[in-house]
S.K.: 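Would you mind keeping the following structure in view while I ask a few things?
These numbers were taken from a predicted model, which means no experiment stands behind them.
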Amino acid sequence: MENNDDNISPKNRTLALLLGIFLGPLGVHNFYLGRPVRGIFQLTIYFGAFLSFILGTLLGSGNSVYRILLLVFLMDSAMLWSLIEWIAIAAGKAKDGKGKKVLRWNEQ
């Protein structure tokens with residue numbers, strides 16, 4: 001039987017899963033897994049929603065209903081993206097930044 005440990009990430013799946021559940025929309029689990037570009041995109045979407053809402057409110061531009069809808073859309077997008085990645089981690093389908101599968105539940 002062939003040893004496939006070369007294709008298994010040393011990252012802790014439990015920690016990645018917990019980070020995805022509690023801080024998922026912020027992309028923290030992606031930073032942990034060595035995927036900083038994804039993490040930055042999630043962080044940008046999440047805080048971009050707040051920033052656009054707050055700046056729009058402070059500057060008094062546009063209709064407040066549209067600002068709220070934009071906020072909800074961006075927040076839901078970040079949460080949905082996080083949920084999909086959380087499911088991938090739980091199912092053992094997630095990969096780290098080096099393309100290795102994140103399968104280990106405990107530190108070994």
Side-chain angles (χ1 to χ4, degrees):
M1 189 177 246
E2 195 174 312
N3 187 358
N4 289 333
D5 279 350
D6 292 340
N7 197 28
I8 297 175
S9 173
K11 299 292 184 176
N12 186 327
R13 188 171 166 190
T14 305
L15 180 57
L17 190 60
L18 290 172
L19 290 171
I21 291 170
F22 294 108
L23 300 171
L26 299 175
V28 174
H29 60 290
N30 281 316
F31 289 109
Y32 170 70
L33 292 174
R35 303 181 299 197
V37 174
R38 283 187 188 185
I40 290 169
F41 277 136
Q42 283 182 305
L43 201 57
T44 302
I45 289 171
Y46 194 79
F47 283 116
F50 283 118
L51 187 62
S52 66
F53 181 76
I54 290 169
L55 286 177
T57 302
L58 291 175
L59 299 174
S61 62
N63 191 338
S64 63
V65 173
Y66 295 122
R67 284 196 309 273
I68 292 171
L69 288 175
L70 178 64
L71 175 70
V72 169
F73 174 75
L74 290 174
M75 294 291 290
D76 285 350
S77 298
M79 286 187 236
L80 180 61
W81 186 359
S82 174
L83 177 65
I84 291 168
E85 288 186 338
W86 177 78
I87 291 170
I89 293 169
K93 302 293 182 187
K95 294 183 178 182
D96 67 8
K98 296 179 181 177
K100 296 180 179 184
K101 289 187 176 184
V102 181
L103 297 175
R104 300 175 197 259
W105 286 106
N106 298 317
E107 293 292 328
Q108 296 177 355

S.K.: For a side-chain contact (heavy atoms from CB on, under 4.5 Å) check, start with the C-alpha distance between Tyr32 and Asn12, then their side-chain angles and the critical distance, and finish with the verdict.
M.R.: CA-CA 9 Å; Tyr32 170 70; Asn12 186 327; 3.4 Å; yes

S.K.: Sequence neighbours left out, what pairs pass side-chain hydrogen bond (donor to acceptor under 3.5 Å, both in side chains) with at least one residue falling in residues 22-31?
M.R.: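 Every pair satisfying side-chain hydrogen bond (donor to acceptor under 3.5 Å, both in side chains) with a residue in residues 22-31: His29-Glu85, Asn30-Arg35, Asn30-Gln42, Asn30-Glu85.
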
S.K.: Taking all non-hydrogen atoms of both residues into account, name the closest pair between Ser82 and Gly20 and its distance.
M.R.: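 Heavy-atom minimum between the residues: OG-O, 3.4 Å.
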
S.K.: For Leu103 and Gly92, which heavy atoms make the closest approach, and how far apart are they?
M.R.: CD2-O, 3.4 Å

S.K.: Take a 6.0 Å sphere around CH2 of Trp86 and say whether it holds more than 12 heavy atoms from other residues, nucleotides or ligands.
M.R.: no

S.K.: Report yes if the side chains of Trp105 and Leu17 come closer than 4.5 Å at any heavy-atom pair, otherwise no.
M.R.: yes

S.K.: If you compare all heavy atoms of Ser9 against all heavy atoms of Asp96, which two are closest, and at what distance to 0.1 Å?
M.R.: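 Smallest interatomic distance, heavy atoms only, reads OG-OD2, 2.8 Å.
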
S.K.: Nearest 0.5 Å, please: how far is CG in Leu74 from CE in Met79?
M.R.: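 It comes to 10.5 Å.
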
S.K.: How far apart are the closest heavy atoms of Asp6 and Lys100, and which atoms are they?
M.R.: O-CE, 3.2 Å

S.K.: Please find the pair of heavy atoms, one from Ile8 and one from Arg104, that lie closest to each other, and give the distance.
M.R.: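 Closest heavy-atom pair between Ile8 and Arg104: CG2-NE, 3.5 Å.
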
S.K.: Working to the nearest 0.5 Å, report the span between CG of Asp76 and CD1 of Ile45.
M.R.: 12.0 Å

S.K.: Run through Leu43, Leu51, Thr44 and flag the one making a side-chain contact (heavy atoms from CB on, under 4.5 Å) with Phe47.
M.R.: Leu43

S.K.: Using 30° and 60° as the class boundaries, would you call the ring planes of Tyr46 and Phe50 parallel, tilted or perpendicular?
M.R.: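 Perpendicular: the ring planes of Tyr46 and Phe50 meet at over 60°.
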
S.K.: For Phe41, I'd like to know if atom CZ has over 12 heavy atoms of other residues, nucleotides or ligands within 6.0 Å.
M.R.: no

S.K.: Using every non-hydrogen atom in the two residues, find where Gly99 and Asn7 come nearest and quote the distance to one decimal.
M.R.: O-OD1, 4.0 Å

S.K.: CD1 of Ile21 to CG of Leu83: how many Å apart, nearest 0.5 Å?
M.R.: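 These two atoms lie 10.0 Å from each other.
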
